[in-house]
Amino acid sequence: MEEEKEAVMVTPGEVLGRSSDVKAGRGAYAAPHNNTVYASLTGFRRTIPPPPDSPDKRPTVEVTGHKAHGPVPQPGSIVTKVMARSASADIMCVGSKCVREKFTGIIRQQDVRATEIDKVDMHLSFHPGDIVKALVLSLGDARAYFLSTAKNELGVVSAESIAGATMVPVSWTEMQCPVTGQIEQRKVAKAAS
């Protein structure tokens, strides 16, 4: 089986194609609500043609992780510590460029979502290790930038389940493990269409 390698770097939530045209392989998932295939991790997009004897003639699109850059979303951060009123994050990218030094950000309870702020539970919004797309609100204090996920397109873009699999978003508040089927609560970023 021959593969076509594309030198295209993609990040979680990026559209890889329509389910009618391609099959989701490793590092990708198909969203049944809009028949779109999305990247579930950061890496290089690769298209693999179907075997000649396969009845399904759609190629498989997959994303292979890039170890040198690690899991880096466009503007985003990795949640490292979740507390009752805030989550601490390491800022990995600004726009589409990776940062060269460590910057810390804080997502405060009032900046998680735009409505029902008093009902936000930080432990149900973020978990350590989540990759989060966030907006820089201000320089904050001397220790950290203040970040916000209070828009639909902001929030968790990639998360690992307890089983170690990359979870798939099922709603704006839930992600599901493809291995165990277990659903976990998150403040999920709406995938770009």
Hey, does [Y] have a side-chain heavy atom less than 4.5 Å from the side chain of [X]?
X	Y	result
E184	I162	yes
V10	L16	yes
L137	R108	yes
S171	V188	no

Could you grab the distance from atom [atom1] of [X] to atom [atom2] of [Y], nearest 0.5 Å is fine?
X	Y	atom1	atom2	result
S125	Q109	OG	CD	8.5 Å
M175	I183	CE	CD1	11.5 Å
R58	T47	CZ	OG1	13.5 Å
I91	L147	CD1	CG	5.0 Å
S161	H127	OG	NE2	11.5 Å
E174	R186	CD	CZ	11.5 Å

Locate the shortest heavy-atom distance separating [X] from [Y]; write the atom from each residue and the value.
X	Y	value
N34	Y38	ND2-OH, 2.8 Å
M122	I107	CE-O, 3.4 Å
T149	A134	CG2-CB, 4.1 Å
I106	A144	CG1-CB, 3.5 Å

### Message
Just to verify, what does K57 make a salt bridge (Lys or Arg N to Asp or Glu O under 4.0 Å) with, not counting sequence neighbours?
### Response
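If we apply the salt bridge (Lys or Arg N to Asp or Glu O under 4.0 Å) test to K57, skipping adjacent residues, there are no hits.
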### Message
Any carboxylate oxygen within less than 4.0 angstrom of a Lys/Arg side-chain nitrogen, looking at R18 and D21?
### Response
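Looking at R18 and D21, the cut-off is not met.
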If you look only at distance, which donor and acceptor atoms sit under 3.5 Å apart when one is on a side chain in residues 22-32 and the other is two or more places apart or in another chain?
{"from": "R26", "atom 1": "NH2", "to": "E62", "atom 2": "OE2", "distance (Å)": "3.0"}

Decide whether [X] and [Y] are clustered together by the hydrophobic rule: side chain heavy atoms of Ile, Leu, Val, Met, Phe, Trp, Tyr closer than 4.5 Å, transitively.
X	Y	result
V132	F103	yes
V120	F126	yes
V179	V168	no
V170	V37	no

### Side chain R113, main chain K187, donor-acceptor under 3.5 Å
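No; zero donor-acceptor contacts below 3.5 Å.
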### Query
Is a side-chain donor or acceptor of Q176 paired with a backbone partner of G181 at a separation under 3.5 angstrom?
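Side chain of Q176 to backbone of G181: a pair is present.
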### Query
Hydrophobic clusters join Ile, Leu, Val, Met, Phe, Trp and Tyr when side-chain heavy atoms are under 4.5 Å apart, directly or via other members; which others share one with L135?
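L154, all in the cluster of L135.
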